[in-house]
Amino acid sequence: MTFSTKVYRKLLQVPKGKVTTYGELAKAVGSKNGQRAIGMIMKKNPFPVIVPCHRVVKSDGKIGGYAYGEKIKSRMLANEGIKIKDGKIIDFDKERFYF
DNA sequence: GTAAGGGCAATTA
DNA sequence: TTAATTGCCCTTA
């Protein structure tokens, strides 16, 4: 069980239409300061299909980056019912998922 | 085994 | 309030 594996499992707990942040995710797996590591894990994401890495955003509600393009990310989020405006989530506090 | 970087966060000015 | 700097953890080279 590696760190990345935990991150993936946690991320899979995020329901459709909800999002989480790198910080929350890091804290959820035991590394409250491991947000950067998570970002890297997402980038090297070995399971891009089963891991909804597009549901992970920055703590301030912005989409942040995305290995396959931010526009794709925001589009997928919008497809799940999350409103995106100018690169950031409008109802971030509501759509946000707490582990 | 060492070094650098990454889809950030929290702090400070 | 926005911008810049520092720090943290993990993976990859």
Side-chain angles (χ1 to χ4, degrees):
Chain A
M1 181 70 87
T2 62
F3 178 76
S4 54
T5 304
K6 296 182 194 172
V7 174
Y8 297 137
R9 295 194 62 167
K10 279 291 177 186
L11 190 51
L12 288 174
Q13 292 176 29
V14 179
K16 176 176 174 298
K18 291 280 186 178
V19 296
T20 187
T21 68
Y22 296 94
E24 284 284 337
L25 201 53
K27 193 165 55 178
V29 297
S31 296
K32 46 190 177 187
N33 295 334
Q35 337 81 339
R36 299 186 65 178
I38 291 179
M40 191 271 295
I41 289 170
M42 291 299 121
K43 182 180 179 182
K44 295 298 181 183
N45 184 348
F47 314 106
V49 184
I50 62 178
V51 180
C53 39
H54 59 277
R55 288 181 191 157
V56 186
V57 299
K58 303 209 314 180
S59 61
D60 59 359
K62 290 181 184 174
I63 295 301
Y66 189 53
Y68 302 95
E70 295 181 33
K71 45 186 178 182
I72 301 300
K73 183 172 181 177
S74 46
R75 195 169 66 188
M76 287 196 287
L77 290 174
N79 185 43
E80 297 186 352
I82 299 175
K83 307 182 194 65
I84 306 299
K85 178 65 176 179
D86 192 48
K88 55 183 187 309
I89 299 176
I90 298 178
D91 301 315
F92 178 57
D93 291 327
K94 303 173 188 172
E95 308 291 19
R96 189 173 167 186
F97 177 74
Y98 298 90
F99 291 102

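Below, chains carry the letters A, B, ... as their sequence lines are ordered, and counting in each starts from 1.
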K.L.:
Looking at A:Phe99, I want to see if its CZ is surrounded by more than 12 non-hydrogen atoms of other residues, nucleotides or ligands under 6.0 Å.
P.N.:
yes
K.L.:
To the nearest Å, give me how far apart CE (A:Met42) and P (B:dG6) are.
P.N.:
16 Å
K.L.:
Of A:Glu70, A:Arg75, A:Glu80, which is the lone residue that meets side chain to side chain donor-acceptor pair (under 3.5 Å) with A:His54?
P.N.:
A:Glu80
K.L.:
Please list, for nucleotides 9-13 of chain B, all pairs of protein and nucleotide N/O atoms separated by less than 3.5 Å.
P.N.:
from, atom 1, to, atom 2, distance (Å)
B:dA9, OP1, A:Ser59, N, 2.8
B:dA9, OP2, A:Ser59, N, 3.3
B:dA9, O4', A:Gln35, NE2, 2.9

K.L.:
Find the distance A:Lys62:NZ to C:dT2:C1' and express it as a whole number of Å.
P.N.:
9 Å
K.L.:
Could you state the atom-to-atom distance from CD1 of A:Ile89 to C1' of B:dG7 in whole Å?
P.N.:
13 Å
K.L.:
Is a side-chain donor or acceptor of A:Lys18 paired with a backbone partner of A:Lys94 at a separation under 3.5 angstrom?
P.N.:
yes
K.L.:
Who are the salt bridge (Lys or Arg N to Asp or Glu O under 4.0 Å) partners of A:Lys83, not counting sequence neighbours?
P.N.:
A:Asp91
K.L.:
As a check on the pairing definition, encode DNA chain C in dot-bracket form, counting Watson-Crick and G-U wobble pairs whose two distances are under 3.5 Å, and using | for partners outside this strand.
P.N.:
.||||||.|||||
K.L.:
Figure out the CD/C1' separation between A:Glu24 and C:dC9, and round it to whole Å.
P.N.:
17 Å
K.L.:
Could you report the tightest heavy-atom contact between A:Ala26 and A:Gln35, atom names first, then the distance?
P.N.:
CB-N, 3.8 Å
K.L.:
Rounded to whole angstrom units, what separation is found between the CG atom of A:Leu25 and the P atom of B:dG7?
P.N.:
15 Å
K.L.:
Let me know the distance between NZ of A:Lys27 and P of C:dC9, rounded to the nearest Å.
P.N.:
15 Å
K.L.:
Does anything in residues 65-78 of chain A reach DNA chain B, meaning a heavy atom under 4.0 Å, and if so which residues?
P.N.:
A:Gly65, A:Tyr66, A:Ala67, A:Lys73
K.L.:
Heavy atoms only: give me the nearest A:Phe97-A:Thr20 pair and the separation to one decimal.
P.N.:
O-OG1, 4.0 Å
K.L.:
Between A:Lys73 and A:Gly65 (side chain of the first, backbone of the second, donor and acceptor by atom type, cut-off under 3.5 Å), is there such a pair?
P.N.:
yes
K.L.:
Please report the shortest heavy-atom distance between A:Val51 and A:Leu12, naming the atom on each side.
P.N.:
CA-CD2, 4.4 Å
K.L.:
What pairs with A:Arg96 under side-chain hydrogen bond (donor to acceptor under 3.5 Å, both in side chains), at least two apart in sequence or on another chain?
P.N.:
A:Glu24
K.L.:
Tell me: CE of A:Met40 to P of B:dG5, nearest whole Å?
P.N.:
13 Å
K.L.:
Determine whether a donor-acceptor pair (one donor, one acceptor, N or O, separation below 3.5 Å) exists between the side chain of A:Arg36 and the base of C:dC9.
P.N.:
no
K.L.:
Of all of residues 2-10 of chain A, which get a heavy atom below 4.0 angstrom from DNA chain C, listed by number?
P.N.:
A:Phe3, A:Ser4
K.L.:
Nearest heavy-atom pair of A:Lys16 and A:Asn79: which atoms, and what distance?
P.N.:
NZ-O, 4.3 Å
K.L.:
Search all heavy atoms of A:Met42 against all heavy atoms of A:Val7 and return the closest pair with its distance.
P.N.:
CE-CG1, 3.6 Å
K.L.:
So A:Pro46 and A:Tyr8, do their side chains get closer than 4.5 Å, heavy atoms only?
P.N.:
yes
K.L.:
Of the non-hydrogen atoms in A:Asn45 and A:Cys53, which two are nearest, and what is the gap between them?
P.N.:
ND2-SG, 3.2 Å
